[in-house]
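Report on the following structure.
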Number of protein chains: 2
Amino acid sequence: MDTRDRLIESTRELLWERGYVGTSPKAIQERSGTGQGSMYHHFRGKPDLARAAIRRSADELRDRAEDAFAGPGTVVERIGTYLGRERDALKGCPVGRLTQDFGVMADPELRRPVEETFAWLIDRLTGLLAEGRASGELDPGLDPANMASALVAVVQGGYVLACAAGSATLYAQAVGGALGLLAGHVR
Amino acid sequence: MDTRDRLIESTRELLWERGYVGTSPKAIQERSGTGQGSMYHHFRGKPDLARAAIRRSADELRDRAEDAFAGPGTVVERIGTYLGRERDALKGCPVGRLTQDFGVMADPELRRPVEETFAWLIDRLTGLLAEGRASGELDPGLDPANMASALVAVVQGGYVLACAAGSATLYAQAVGGALGLLAGHVR
DNA sequence: GTCTATACCCAGATAGAC
DNA sequence: GTCTATCTGGGTATAGAC
């Protein structure tokens with residue numbers, strides 16, 4: 001991993017742990033083992049570096065989700081795989097947590113990848129649910145868009161509850177409830 | 001409203017808008033129209049003031065929720081009132097957002113009110129759902145604890161989605177999905 | 001590409017006058 | 001109770017040497 005890459009990876013970790021406002025160039029340099037000079041040679045400043053880090057985290061989330069969505073099994077099984085995938089619930093979502101970060105939301109360049117990620121996720125799930133409904137796997141009365149939003153919300157809210165309680169169990173409980181929701185719509 | 005109160009209210013607003021790390025004593029003083037001297041006379045420092053502000057926000061959330069839970073109507077109606085209550089979705093939850101704030105979670109004094117609020121909320125909802133199940137209003141197969149976690153998660157996740165999209169509609173969609181979930185369990 | 005020196009401003013707090 | 005002065009440290013960035 002070259003210097004530029006180490007800077008991005010360290011920034012990703014720090015953004016995940018402490019958010020944008022709470023992450024200083026100095027901390028990034030220390031974690032990545034690089035000096036001021038290197039950082040300002042490869043990036044114009046903190047926002048520029050954060051932009052690269054956020055884009056990478058967003059891409060990763062998308063790829064991992066797509067792995068589950070495009071995998072084998074029925075629509076409900078694939079969504080179940082996505083929801084149940086082991087997650088580091090106590091650390092929060094590396095992308096979702098940025099929506100609660102003032103510094104990120106105030107900068108359009110930083111905000112856009114976050115916005116696009118959730119738009120894609122909900123859209124992808126909506127399509128999957130519509131597909132399941134069309135094939136007869138799911139109840140015709142199900143509203144794909146509402147259900148997709150609710151499912152993504154349960155995941156994001158599950159992180160919040162787990163962080164609040166200091167226990168990953170809450171995440172599992174919330175997802176368990178959501179799976180019950182979906183199961184109720186299987187024909 | 002006296003000086004002490006203005007300081008607490010200004011801090012509440014700033015914590016809501018910018019989080020703990022992003023809120024400086026200077027900003028608090030400016031918003032409340034008080035000087036350094038006053039702030040450090042009434043409070044020992046930023047953490048002390050934040051503690052008072054967070055406790056007040058937590059109490060308010062609890063009181064507003066209890067209004068809905070203790071109101072008239074069936075269990076499902078009361079929960080629907082709680083979920084559907086107009087919320088400032090784009091500003092996020094004044095308590096929930098603190099779970100994603102490193103500065104808050106790292107300080108036990110600041111963290112405790114947040115933790116207690118969600119524990120109370122889930123517990124209260126679990127009790128309500130159990131009551132509905134016992135009275136025959138809800139399906140005997142419903143798991144009150146899981147469902148309570150899922151409902152609170154949808155609310156918290158709804159805030160995340162709304163912030164990400166810059167549109168309160170997403171919050172409404174997620175809640176719509178959650179209400180569908182509950183409706184499916186009415187006998 | 002990376003290093004060190006330097007600069008400026010703000011965060012957070014203390015001290016003592018009024 | 002409130003004001004102003006003052007202090008230390010860190011955030012963020014630039015300049016120029018190597």
Side-chain angles (χ1 to χ4, degrees), chain A residues 1-56 97-98 100-111, chain B residues 1-56 97-98 100-111:
Chain A
M1 198 157 56
D2 66 2
T3 302
R4 192 188 148 84
D5 237 53
R6 284 210 315 280
L7 282 163
I8 295 178
E9 286 302 311
S10 298
T11 304
R12 293 215 300 148
E13 291 173 18
L14 285 163
L15 286 179
W16 195 2
E17 293 167 19
R18 325 200 31 148
Y20 181 75
V21 180
T23 295
S24 69
K26 188 176 186 177
I28 294 169
Q29 291 150 25
E30 277 165 5
R31 181 162 310 202
S32 62
T34 65
Q36 303 245 69
S38 294
M39 179 181 143
Y40 285 99
H41 170 74
H42 291 288
F43 299 94
R44 285 196 308 276
K46 175 176 159 176
D48 189 34
L49 177 45
R51 194 163 143 275
I54 292 174
R55 285 202 183 280
R56 190 176 287 186
R97 103 170 288 163
L98 301 174
Q100 306 300 306
D101 192 309
F102 183 83
V104 171
M105 299 314 271
D107 181 338
E109 289 286 305
L110 300 181
R111 180 190 174 137
Chain B
M1 200 157 56
D2 65 3
T3 302
R4 191 189 148 84
D5 237 51
R6 285 210 314 280
L7 281 164
I8 295 178
E9 287 302 311
S10 298
T11 303
R12 293 216 299 149
E13 291 172 19
L14 285 163
L15 286 179
W16 195 1
E17 292 167 20
R18 325 199 30 146
Y20 180 75
V21 180
T23 296
S24 68
K26 187 177 187 177
I28 294 169
Q29 290 151 27
E30 276 165 6
R31 180 161 310 203
S32 62
T34 66
Q36 303 246 70
S38 295
M39 179 179 143
Y40 285 100
H41 171 73
H42 290 289
F43 298 94
R44 286 195 307 275
K46 175 176 157 175
D48 189 34
L49 176 45
R51 195 163 142 274
I54 292 174
R55 285 201 182 281
R56 189 177 286 186
R97 106 170 286 163
L98 301 175
Q100 306 300 306
D101 192 310
F102 182 83
V104 171
M105 299 314 270
D107 181 339
E109 290 285 305
L110 300 181
R111 182 192 172 134

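Hydrogens, waters and symmetry mates are skipped; everything else that's a heavy atom, side chains included, is used. First the proteins, then the strands, lettered A, B, ... as listed; each starts at 1.
The NZ-P distance, from A:K46 to D:dT14, rounds to 15 Å in whole Å. What separates NE2 of A:H41 from P of D:dC18 is a distance of 19 Å, to the nearest Å. For the pair B:M39 CE and D:dT4 C1', the computed distance is 16 Å after rounding to whole Å. Whole-Å rounding puts the A:Q29 CD to D:dG11 C1' distance at 11 Å. Distance CG (A:L49) to C1' (D:dG11): 15 Å, rounded to an integer number of Å. Distance CD1 (A:I28) to C1' (D:dG10): 14 Å, rounded to an integer number of Å. A:L7 has its CG atom 13 Å from the P atom of C:dG1, to the nearest Å. Going from atom CD of B:E30 over to atom C1' of C:dA11 covers 13 Å, rounded to whole Å.
In terms of modelled atom types and a separation under 3.5 Å, the side chain of B:R97 and the main chain of B:W16 share a donor-acceptor contact. Within the 3.5 Å criterion, the main-chain N or O of B:L7 finds a donor-acceptor partner in the side chain of B:T11.
The salt bridge (Lys or Arg N to Asp or Glu O under 4.0 Å) with B:E13 is formed by just one residue from the set B:R6, B:R31, B:R18; it is B:R31.
When the nucleotides D:dT12, D:dT2, C:dG1 are ranked by their closest atom to the side chain of B:S38, D:dT2 comes out on top. The side chain of A:K26 lies closest to D:dG11, out of C:dT2, D:dG11, D:dT2. Nearest to the side chain of A:Y40, among D:dG1, D:dA13, C:dG1, sits D:dA13. Closest to the side chain of B:P25, out of D:dA13, C:dT2, C:dA11, is C:dA11. Residue B:Q36 places its side chain closer to C:dA13 than to any other of C:dG1, D:dT12, C:dA13.
Both the sub-6.0 Å distance and the 45° axial angle are not jointly satisfied by B:K46 relative to the ring of B:Y40.
Checked against side chain to side chain contact (heavy atoms under 4.5 Å, CB included), A:E109 has the following partners two or more places apart in sequence or in another chain: A:R51, A:D107, A:R112.
Between B:H42 and D:dT2, a side-chain N or O to OP1/OP2 separation shorter than 4.0 Å is present. Between A:T3 and C:dT2 there is a side-chain N or O to OP1 or OP2 distance below 4.0 Å.
The residue among A:A27 and B:T34 whose nearest nucleotide of DNA chain D lies closer to the 5′ end is B:T34.
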